[in-house]
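Comments concern the structure below.
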Amino acid sequence: MKHKNVDFRNLSGRGVWRYKNLIAGKYSKMVTLNEGATPLIKSRIYKSVYYKFEGANPTGSFKDRGMTVAVSSAVSNGYKVVVAASTGNTAASAAAYASRGGLRSYIILPKGKVAMGKLAQSILYGATIIEIESNFDVAMSSVMKLYKEHRVVYPLNSFNPWRLEGQKTIAFEIVEELGVPDNVIVPVGNAGNIYAIWKGFNELYEAGSIDRVPRMIGVQAEGAAPIAKAVEKNLDQPEFVDNPETVATAIRIGKPVNWKKALKAIKLSKGSAITASDNEILEAQKELARIDGIGAEPASAAALAGYKKLLSSGKISDDETTVIVLTGHALKDPDVMIKADARRILVNPEHLDKLILGDLGL
Ligand SMILES: *Cc1c(COP(=O)(O)O)cnc(C)c1O
């Protein structure tokens, strides 16, 4: 696609379809829940940090941005059935947009490994849920095989290029609201989103609408870090992880389908990739909630955990404008939230005054 200089003042509407002239493909029908237009929230503690809170999307994750475009494409091309392998958020989003578009949906999930909120959403939206006794990577390759052999079902995984087209609007919203930041930090699982966001910036750059592209920084969990390790060791190709493990289930992926694209985005933007431990992820999740009042799921908090490490090692300075993409809502994973340390006190209601006044030292 040749990119024309974008005058944002000429656009109308809010959210993903505000940028319809910049989204490739033709759509005879748009299946939308008014996704996108998510809040950009300034951090209270890090002076040049902004959180792009994707948990504010209709099903609670950035997946909705891609799903509106991919399901619109499915409907415009006459498909009646969609299928998606998922660690959870793709399932919730695919199920919702399938309903909205009047399609049947089949969701392939690794049994026992999907966060409760995401499973519950898929059930509510009425998807057929198929569980496999294996991990996400196996679920994904079976969807790819199904699609190659039987083209009657439309695949909604992140090898679907229309999803990435929708997700790139995160970059457009950041530019409109803030301009071009120095760094954009993104948690990386299948590695589509970091590429999609870079693609958004890069298209604006090639069109002459912005004069530079931010450094794209990927964060992976220690137990599922093929891309971060490839960047660290300067490999041309990642070493896949057979049994990925992390509390951040949305990025518990050992064989990221979009690894090539992600490495390209990181390299061309002079970015980097690092890992965060489960402990660092959970600490970052609490910090976000208890200091900034933002509830993000563990995978999203990994991006903040990564920022904190880069800040303390001096690889990023606190003068650099940094956008941390918080990819999903905390409610997605109630089991993790409820295990956080808490002050919970059982009291006889008659003694409430004594308890609180005593607690306050009054
Ligand atoms: C899907 C997802 C990711 C990972 O995005 P990829 O494009 O697969 O790298 C990160 N966080 C959340 C909450 C997600 O749902």
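Residues: numbered from 1 along the sequence shown. Everything quoted here is computed from the prediction, not taken from an experiment. Atoms within a ligand are numbered from 1 in the order they appear, just like the ligands themselves.
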Checklist line | Flag for S277-E222: side-chain donor and acceptor within less than 3.5 Å | finding: no

Next item on the list: Would you kindly say whether S300 and T327 are connected by a side-chain donor-acceptor distance under 3.5 Å?
Entry: yes

Checklist line | Atom indices of ligand 1 within 4.0 angstrom of V188 heavy atoms, with elements | finding: 9 (O)

Margin query: For the residue pair K229 / Q220, report whether a side-chain donor-acceptor contact shorter than 3.5 Å exists.
Written below: no

Item checked: Nearest-neighbour protein heavy atom for atom 14 (C) of ligand 1, which is reported as residue plus atom name and distance -> K63 NZ, 2.8 Å

Notebook entry, point to check: How close does the nearest protein non-hydrogen atom get to atom 11 (N) of ligand 1, and which residue and atom is it?
Noted result: T327 OG1, 2.7 Å

Notebook entry, point to check: Would the Y154 and W162 ring centres measure less than 6.0 Å apart?
Noted result: no

Notebook entry, point to check: For Y195, is the nearest heavy atom under 4.0 Å from an atom of ligand 1?
Noted result: no

Check: Are any of the N or O atoms of A191 closer than 3.5 Å to those of ligand 1?
Finding: yes

Item checked: For G192, atoms of ligand 1 separated by under 4.0 Å from a heavy atom -> 6 (P), 7 (O), 9 (O)

Notebook entry, point to check: Tell me, which protein residue and heavy-atom name are nearest atom 7 (O) of ligand 1, and how many Å apart are they?
Noted result: N193 N, 2.8 Å

Notebook entry, point to check: Between A250 and ligand 1, does any nitrogen or oxygen pair lie at a separation below 3.5 Å?
Noted result: no

Next item on the list: Please identify each residue that fulfils side chain to side chain contact (heavy atoms under 4.5 Å, CB included) with K261, with sequence neighbours left out.
Entry: L164, Y195, N258

Checklist line | Geometric N/O contact G328 with ligand 1, under 3.5 angstrom | finding: no

Notebook entry, point to check: atom 5 (O) of ligand 1: which protein heavy atom is closest, and how many Å away?
Noted result: F62 CZ, 3.5 Å

Margin query: Does only the side chain of T90 get under 4.0 Å from ligand 1, or the backbone, or both, or neither? Count heavy atoms.
Written below: neither

Checklist line | Geometric class of the F53/H329 ring pair [parallel <30°, tilted 30-60°, perpendicular >60°] | finding: tilted

Check: Residues two or more places apart in sequence or in another chain: which of them pass side chain to side chain contact (heavy atoms under 4.5 Å, CB included) with T321?
Finding: Y50, L178, P181, D182

Margin query: If only side-chain N and O atoms count, and only distance matters, is there a donor-acceptor pair under 3.5 Å linking N135 with K113?
Written below: no

Check: Once the angle between the rings of W17 and Y27 is folded into 0 to 90°, is it parallel (under 30°), tilted (30 to 60°) or perpendicular (over 60°)?
Finding: perpendicular

Checklist line | Within reach of ligand 1, part of N190 (heavy-atom separation under 4.0 Å) | finding: both

Notebook entry, point to check: If you measure every N/O of S61 against every N/O of ligand 1, is any gap under 3.5 Å?
Noted result: no

Margin query: Taking 4.0 angstrom as the limit and counting only heavy atoms of A299, give me the atoms of ligand 1 inside it, by number and element.
Written below: 11 (N)

Next item on the list: Under 4.0 Å, heavy atoms only, figure out whether ligand 1 is touched by the backbone of E297, its side chain, both or neither.
Entry: side chain

Notebook entry, point to check: For the residue pair F8 and F172, does the interplanar ring angle fall in the parallel (under 30°), tilted (30 to 60°) or perpendicular (over 60°) class?
Noted result: tilted

Check: Tell me, which protein residue and heavy-atom name are nearest atom 4 (C) of ligand 1, and how many Å apart are they?
Finding: G189 N, 3.7 Å

